[in-house]
Trainee: 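Here it is, the structure, as structure tokens.
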Amino acid sequence: MSKEITSRATDYSQWYNDLVIKGELADYSAVRGCMVIKPYGFALWENMRDALDKMFKDTGHVNAYFPLFVPKSLFEAEEKNAEGFAKECAIVTHYRLKADPAKKGKLMVDPEAKLEEELVVRPTSEAIIWNTYKNWIQSYRDLPLLINQWANVVRWEMRTRLFLRTAEFLWQEGHTAHATKEEAIEETVKMLDVYADFVENWMAVPVIKGVKSANERFAGAEDTYCIEALMQDGKALQAGTSHFLGQNFAKAFDVKFSDKENKLEYVWATSWGVSTRLIGALVMAHSDDQGLVLPPKIAPLQVVIVPIFKGEEQKAAIDAKVQAITTELKSKGISVKYDDNDNARPGWKFAEYEMKGVPVRLAIGARDLANNVVEVARRDTKEKSTVSLDGIADYIAQLLATIQQALYQKALTFREANITKVDSWDAFVKVLDEKGGFVAAHWDGTPETEEAIKEKTKATIRCIPLQNTLEAGNCILSGQPSTQRVLFARAY
RNA sequence: CGGGAGGUAGUUCAGCCCGGUAGAAUACCUGGUUUGGGACCAGGGGGUCGCAGGUUCGAAUCCUGUCCUCCCGACCA
């Protein structure tokens, strides 16, 4: 089988699929729109999940778990308060199979086993969670309620793509209830900061924090905050969202509390989530035509050691040395694998681990033993150097930190080079078509104009940056006055 | 959901037009030689050709239906 990865320049979609599949992250499954996350890919997700989970707990949140099935009536309650929720869902209508009398060995849905009320497989858990919170909240003393759930959700997407948009995906969803509007907004922004912190410092992907325009906002939210990242093909990707829900859900599900003055009030709510889509972002932000490039802080495997030997005698000497190196690395919390599989030759292993994005590779042979050195190869720059075995663990620890930083810097430099200010419609279209990336342009603030721009160019407003500087100008399309630039891009 | 391309060995694919014993490469197993950037030789195992019907003496091949995948578009809390 060809192990070649399609060039980014040739076909970006195919390049992406190659990276995910040949990098052992995931594969297609026999189930419509769903993927299988392989052990290596899942180990990556676990590392991301654990880091995020710790950040949630450090900010006062706890985990819980709510049901997969949501009675249809609960969705109707939600729909009443905010129309426009997407309705592509999987729906359970029956609860039993039976042998098909017409076809031996086949099963059929038992028509006798029809559910009185259909169950929706959760596309998100607001409905079931707020219906539950109603029973948990009576007094201001019960607030704030700061709960997160790690779960799978199902959305019957028309078109799917590994990690970026699959029918079933893994995510976390935080749902919080507060006594005041100010506190809820503070929570929304705090969690956006947590996401930005994680994506930038662990995934080494720079993001822009901002607020969504009305068109891009979550249907039940007053405000949707987001972090937007830029991929190597110039398209933007929403990496996480944090919603200020106002009292919309409290009103839909009748969640009230007595305040200090014994007055009944609706609670103020937030919700926030990131998903396995982050893995897609990771792949498209850093990888190259040789395969995945993973940031050391979340890589399932940080260091791989490949022995190069002729005969058992050399192998034994190398084994002994590697044993010492491995112990030292592990004592520093560095994950390391010694690949002494004799069936694969060194060259094959080099290519294999590059494809899987292992940050650092050590190659050690008789020649190196004699000189008390080891060959150290960086995945990100492909640089190789010969390093003394004395103090090698410190050197590697330092190198991993350097790689983490270098990946972030490289992605940041790329993004900064791909934010373009434009002041005319012609320039706007030209930049989108020829350069891509974020386009900073004036917009008159109306949904109609945004829609018209999307219609003409497929570009949407990714966000209105939080730290925006105010600047008078005229809308790129309508010419109406505007007070600030917003970021447009074509997006995933 | 519209348009296009596909589903044959673990994997990538040929065979299909023009029906007649199921193929290649690679991976895997055995033995040997190898090992500093995807090794080589010899031998071997492995597939109800996505599924269900139909036509036919005979179907991977023709027809109908259906499921699934990929690409483009629409959709996307």
Side-chain angles (χ1 to χ4, degrees), chain A residues 1-6 11-14 16-18 20-22 27-36 75 78-79 81-89 100 102-103 105-106 122-127 153-162 164-167 169 171 173 212 215-221 224 226 238 241-243 245 248-249 271-273 275 277 290-291 306-312 314-315 318 339-355 361-369 371 373-375 377 382 384 386 454-455 458 460 491-492:
Chain A
M1 178 175 75
S2 168
K3 288 285 195 175
E4 296 283 305
I5 301 258
T6 307
D11 184 338
Y12 199 83
S13 298
Q14 196 56 51
Y16 175 80
N17 282 344
D18 280 359
V20 170
I21 294 169
K22 292 176 181 166
D27 211 341
Y28 304 112
S29 79
V31 187
R32 184 202 172 279
C34 296
M35 68 172 169
V36 174
F75 268 92
E78 185 176 338
E79 175 71 12
N81 110 73
E83 283 181 31
F85 288 104
K87 295 174 191 69
E88 279 72 28
C89 299
D100 188 339
K103 292 177 194 158
K106 300 287 179 187
R122 62 181 169 217
T124 180
S125 301
E126 267 85 0
V153 290
V154 171
R155 296 176 184 178
W156 214 254
E157 302 289 356
M158 292 301 176
R159 186 174 168 196
T160 60
R161 202 128 137 58
L162 292 171
L164 297 177
R165 185 171 295 112
T166 44
F169 58 92
W171 77 344
E173 46 182 326
K212 287 291 188 192
N215 287 8
E216 299 283 318
R217 188 154 64 208
F218 172 46
T224 289
C226 63
Q238 177 177 301
T241 51
S242 185
H243 310 288
L245 302 173
N248 293 339
F249 282 86
S271 72
W272 27 272
S275 70
R277 180 175 233 223
Q290 276 67 53
V306 177
I308 296 156
F309 59 94
K310 294 186 176 99
E312 282 306 310
Q314 284 191 2
K315 171 80 165 36
I318 293 169
D339 187 351
D340 65 345
N341 175 5
D342 198 21
N343 293 327
R345 300 163 80 252
W348 192 89
K349 292 176 187 172
F350 294 170
E352 181 71 10
Y353 291 107
E354 272 163 20
M355 208 148 63
R361 181 187 71 233
L362 305 184
I364 184 162
R367 208 166 71 196
D368 303 300
L369 280 189
N371 298 321
V373 296
V374 65
E375 182 190 84
K382 310 273 299 277
K384 287 193 264 195
T386 303
K454 184 180 177 182
E455 195 79 11
K458 292 188 169 62
T460 50
Y492 279 97

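Below, read A as the first sequence line, B as the second, and so on, with proteins coming before strands; counting in each chain starts at 1. Computed from a predicted structure; not experimentally measured.
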Trainee: Using whole Å, what does the distance between atom C1' of nucleotide B:rG73 and atom CZ of A:R165 come to?
Mentor: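 Distance check: A:R165 CZ to B:rG73 C1' gives 13 Å.
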
Trainee: Between A:K212, A:H243, A:R217, which is the residue that forms a side chain to side chain donor-acceptor pair (under 3.5 Å) with A:T224?
Mentor: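 That would be A:H243.
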
Trainee: Could you check whether A:Q290 gets within reach of a base, just the sugar-phosphate, or nothing at all, counting any heavy atom under 4.0 Å?
Mentor: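 Since no nucleic acid heavy atom lies under 4.0 Å of A:Q290, the category is nothing.
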
Trainee: How many angstroms lie between CG in A:D18 and CD1 in A:I5, if you round to the nearest 0.5 Å?
Mentor: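 One gets 5.0 Å once the value is rounded to the nearest 0.5 Å.
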
Trainee: Going by purine N1 to pyrimidine N3 plus the second Watson-Crick contact, or the G-U wobble pair, all under 3.5 Å, which nucleotide sits opposite B:rC70?
Mentor: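 Matched B:rC70 with B:rG4 under the 3.5 Å cut-off.
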
Trainee: Categorize A:E375 for me: base, sugar-phosphate, or nothing, with a 4.0 angstrom heavy-atom threshold over every strand shown.
Mentor: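 Since a base atom lies under 4.0 Å of A:E375, the category is base.
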
Trainee: Determine whether a donor-acceptor pair (one donor, one acceptor, N or O, separation below 3.5 Å) exists between the side chain of A:R155 and the base of B:rC76.
Mentor: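 Not at all, since no donor on one side and acceptor on the other fall under 3.5 Å apart.
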
Trainee: For the side chain of A:R367, starting at C-beta, report the closest nucleotide among B:rC1, B:rG38, B:rG36.
Mentor: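 Ranking B:rC1, B:rG38, B:rG36 by closest atom to the A:R367 side chain puts B:rG36 first.
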
Trainee: Using a 4.0 Å heavy-atom cut-off, does A:T124 contact any base of the nucleic acid, only the sugar-phosphate backbone, or nothing at all?
Mentor: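 It contacts base atoms.
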
Trainee: Can you find a heavy atom in the side chain of A:W171 that is under 4.5 Å from one in the side chain of A:V153?
Mentor: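 Contact flag for A:W171/A:V153 side chains = yes.
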
Trainee: Between A:L245 and A:S271, is any pair of side-chain heavy atoms under 4.5 Å apart?
Mentor: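 A:L245 reaches A:S271 side chain to side chain.
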
Trainee: Compare side-chain N and O positions of A:R345 against OP1 and OP2 of B:rG36 and report whether any pair is under 4.0 Å apart.
Mentor: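 Yes, such a contact exists.
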
Trainee: Take A:A491 and A:D342, find for each the nucleotide of RNA chain B with the closest heavy atom, and name the residue whose nucleotide sits nearer the 5' end.
Mentor: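 With A:A491 and A:D342 compared, the 5'-side residue is A:D342.
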
Trainee: Applying a 4.0 Å non-hydrogen cut-off, can you work out what A:K382 is touching in the nucleic acid: base, sugar-phosphate, or nothing?
Mentor: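 If one applies the 4.0 Å heavy-atom cut-off, A:K382 turns out to touch nothing in the nucleic acid.
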
Trainee: Can you check the distance between B:rA25 and B:rU21, where both ends of the measurement are the C1' atom (answer in whole Å)?
Mentor: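 My reading of the C1' atoms in B:rA25 and B:rU21 gives 22 Å.
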
Trainee: So A:F218 and A:F249, would you call those rings parallel, tilted or perpendicular, with 30° and 60° as cut-offs?
Mentor: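 Rings of A:F218 and A:F249: parallel, as their planes differ by under 30°.
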
Trainee: Where the side chain of A:A351 is defined as all heavy atoms beyond and including C-beta, which of B:rU35, B:rG38, B:rC75 is the nearest nucleotide?
Mentor: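 It is B:rG38.
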
Trainee: Would a 4.5 Å heavy-atom cut-off, applied to side chains only, mark A:N371 and A:T386 as touching?
Mentor: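 Counting from C-beta outward, A:N371 and A:T386 never come under 4.5 Å.
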
Trainee: In whole Å, what is the span from the CH2 atom of A:W171 to the P atom of B:rA77?
Mentor: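 The distance from CH2 of A:W171 to P of B:rA77 comes to 12 Å, rounded to the nearest Å.
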
Trainee: Please figure out whether A:E216 or A:A344 has its closest RNA chain B nucleotide nearer the 5' end.
Mentor: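 With A:A344 and A:E216 compared, the 5'-side residue is A:A344.
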
Trainee: Assess A:R361 against A:F350: is NZ or CZ under 6.0 Å from the centre of the six-membered ring, and within 45 degrees of the ring's axis?
Mentor: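 Judged by the rule, A:R361 and A:F350 form a cation-pi pair.
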
Trainee: Between N or O atoms, less than 3.5 Å apart, protein on one side and nucleotides 68-70 of chain B on the other: list the pairs.
Mentor:
unit_1	atom_1	unit_2	atom_2	d
B:rU69	OP1	A:V31	O	3.2
B:rU69	OP1	A:R32	N	3.4
B:rU69	OP1	A:G33	N	2.3

Trainee: Check every strand shown and say whether A:R122 touches a base, only sugar-phosphate, or nothing at a heavy-atom separation below 4.0 Å.
Mentor: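 Touches nothing.
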
Trainee: Using a 4.0 Å heavy-atom cut-off, does A:A366 contact any base of the nucleic acid, only the sugar-phosphate backbone, or nothing at all?
Mentor: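 The residue A:A366 makes base contact.
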
